Asks: 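Can you keep this structure in mind? I'll have questions shortly.
Numbering of ligands and ligand atoms starts at 1, following listing order. Since this is a predicted model, take the numbers as computed values, not measurements.
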Amino acid sequence: MPNNLKNEIEILKKEKNAIILAHYYVDGEIQEISDYVGDSYYLSKIASSTSADVLVFAGVSFMADSAKILNPNKIVLHPDSTADCPMAHMVTVERIEKVRSMYDDLAVVCYINSSTDLKAASDVCVTSANAVSITRALPNKNIFFIPDRNLAHYVSAQVPDKHFVYNEGFCHVHENMNVDNIIAAKKIRSDIKVLAHPECNSRILDQADYIGSTTGIINHVETCSDKYFYICTEIGVLHQLEKKYPDRIFYHHPDDVCQDMKKITMQKIYDSLKTLSPEVKLDKEFSEKALKPLIKMLELSE
Ligand code: 13P
Ligand code: SF4
């Protein structure tokens, strides 16, 4: 990376009282110049409490939109507004309304990887870091968990006393992971530990020694004395793992890449700070409605 681009970003950040929030899935060089790097839960907590005037979100649309919902009066920049998570659109408001009409005592639990209109139609948001504890704490018997079916099945196994209604959404990166790669790695290294994100398909999760959010995976390594790990989530997480644990060896399949996360580049971050665009603009009515389930998530996670 040209050093001057990094310096120019630093100058612009000071000039505009801006911060950069980056998800673990963006390129390592972006994680390095960011003020906050983390999982979806951590980043939404930071977004809800910052005193900065400008927030630059290095991640996909639902993350930048959540920051805007939490800060309607601040400038939230998304350096590439086409960087979107396909799963965030894999259910409709009509389906939510239909399921509501079919069940009494129902809570619509909305994974934060969802568009603003879906959040607005939901009762509470969750991330992979708090989905189990929040769902368990809800008073409702019936749970409609949207949009991710893999996370829903993972949560339902941890919360067996509730009745789940599933939706057929999925993350193509985690859904398409091939279990044969893990089995092959285990054959070569029988002492390898498999760490997986709950968006993975059940064939992968069945092979996992640990299942958790991106932060959960990174922190879990600290608790292990093992040397070899097979990481089942997006490749960007390797940046922090290799930086934090230089004495461990991490295996990862090169196909496990989220192309939308990779759309965010240093140049686009520089351009967006310079021009204060593209700015996140949301429908006021949806945004106000979506704030409630997000605030409920932050309260229930305390
Ligand atoms: P985390 O909340 O674990 O960071 O995951 C976000 C995500 O998009 C997973 O695909
Ligand atoms: Fe969406 Fe999957 Fe990319 Fe996460 S990794 S942002 S769930 S497409």
Asks: For atom 2 (O) of ligand 1, what's the nearest protein heavy atom and its distance?
Replies: S40 OG, 2.9 Å
Asks: Polar contacts were defined as any N/O atom of the residue lying under 3.5 Å from an N/O atom of the ligand; does this apply to D39 and ligand 1?
Replies: no
Asks: Below 4.0 Å from ligand 1: does a non-hydrogen atom of E234 turn up there or not?
Replies: no
Asks: N176 side chain to H172 main-chain N or O, any donor-acceptor pair under 3.5 Å?
Replies: yes
Asks: Applying a strict 4.0 Å limit to heavy atoms, is Y41 in contact with ligand 1?
Replies: no
Asks: Which ligand 2 atoms are under 4.0 Å away from a heavy-atom of P86?
Replies: 8 (S)
Asks: Geometry only, no angles: is T127 polar-contacting ligand 1 at N/O separations under 3.5 Å?
Replies: no
Asks: Looking only at heavy atoms, is any part of Y24 under 4.0 Å from ligand 1, and if so is it the side chain, the backbone, or both, or is it neither?
Replies: neither
Asks: Closer than 4.0 angstrom, basic N to acidic O: yes or no for E175 and R149?
Replies: yes
Asks: Using heavy-atom distances, let me know which of Y111, Y25, F62 sits nearest atom 5 (S) of ligand 2.
Replies: Y25
Asks: Taking a cutoff of less than 4.0 Å between a non-hydrogen atom of the residue and any ligand atom, is N113 in contact with ligand 2?
Replies: yes
Asks: Step through it carefully: locate the ring centre of F57, locate the ring centre of H78, and say whether they are under 6.0 Å apart.
Replies: no
Asks: Distance under 4.0 Å to a non-hydrogen atom of N113: what atoms of ligand 1 satisfy this?
Replies: 7 (C), 8 (O)
Asks: Can you name the one residue among V155, D148, N167 that meets side chain to side chain contact (heavy atoms under 4.5 Å, CB included) with Y111?
Replies: D148
Asks: Within ligand 1, which atoms have a heavy atom of Y25 less than 4.0 Å away?
Replies: 7 (C), 8 (O), 9 (C), 10 (O)
Asks: Can you pull out the closest protein heavy atom to atom 1 (Fe) of ligand 2? Residue, atom name and distance to 0.1 Å, please.
Replies: C85 SG, 2.3 Å
Asks: Flag the pair E279 and K281 as a salt bridge only when some basic side-chain nitrogen lies within less than 4.0 angstrom of an acidic carboxylate oxygen.
Replies: yes
Asks: Under 4.0 Å, heavy-atom basis, I'd like to know which part of T215 is in contact with ligand 1: side chain, backbone, both or neither.
Replies: neither
Asks: Which of the numbered atoms in ligand 1 are under 4.0 angstrom from any heavy atom belonging to S128?
Replies: 1 (P), 2 (O), 3 (O)
Asks: Hey, is E222 close enough to K244 for a salt bridge, meaning N to O under 4.0 Å?
Replies: yes
Asks: Of V60, D148, D256, D260, which has the heavy atom at the shortest distance from atom 6 (S) of ligand 2?
Replies: V60
Asks: Which residue owns the protein heavy atom closest to atom 3 (Fe) of ligand 2, what's the atom, and how far is it?
Replies: C258 SG, 2.4 Å
Asks: Do any N/O/S atoms of C171 come under 2.8 Å of atom 3 (Fe) of ligand 2?
Replies: no
Asks: Charged N to carboxylate O below 4.0 Å: is that the case for K141 and D161?
Replies: no
Asks: Would you please test K243 and Q31 for side-chain hydrogen bond (donor to acceptor under 3.5 Å, both in side chains) and show each step?
Replies: CA-CA 11 Å; K243 189 173 154 189; Q31 297 186 35; over 6 Å; no
Asks: Mind checking whether F250 and F229 have ring centres under 6.0 Å apart?
Replies: yes
Asks: Can you tell me if H252 uses its side chain to pair, donor with acceptor, with the backbone of T233 under 3.5 Å?
Replies: yes
Asks: Answer yes or no: does an N/O atom from S213 fall short of 3.5 Å to an N/O atom of ligand 1?
Replies: no
Asks: Could a heavy atom of C171 be found less than 4.0 Å from some atom of ligand 1?
Replies: no
Asks: Would you call E97-R100 a salt bridge at under 4.0 Å N-O?
Replies: no
Asks: Output yes when R95 and E168 qualify as a salt bridge under the 4.0 Å nitrogen-oxygen rule, no when they do not.
Replies: no
Asks: Where does H23 meet ligand 1, judged by heavy-atom distances below 4.0 Å: at the side chain, the backbone, both, or neither?
Replies: side chain
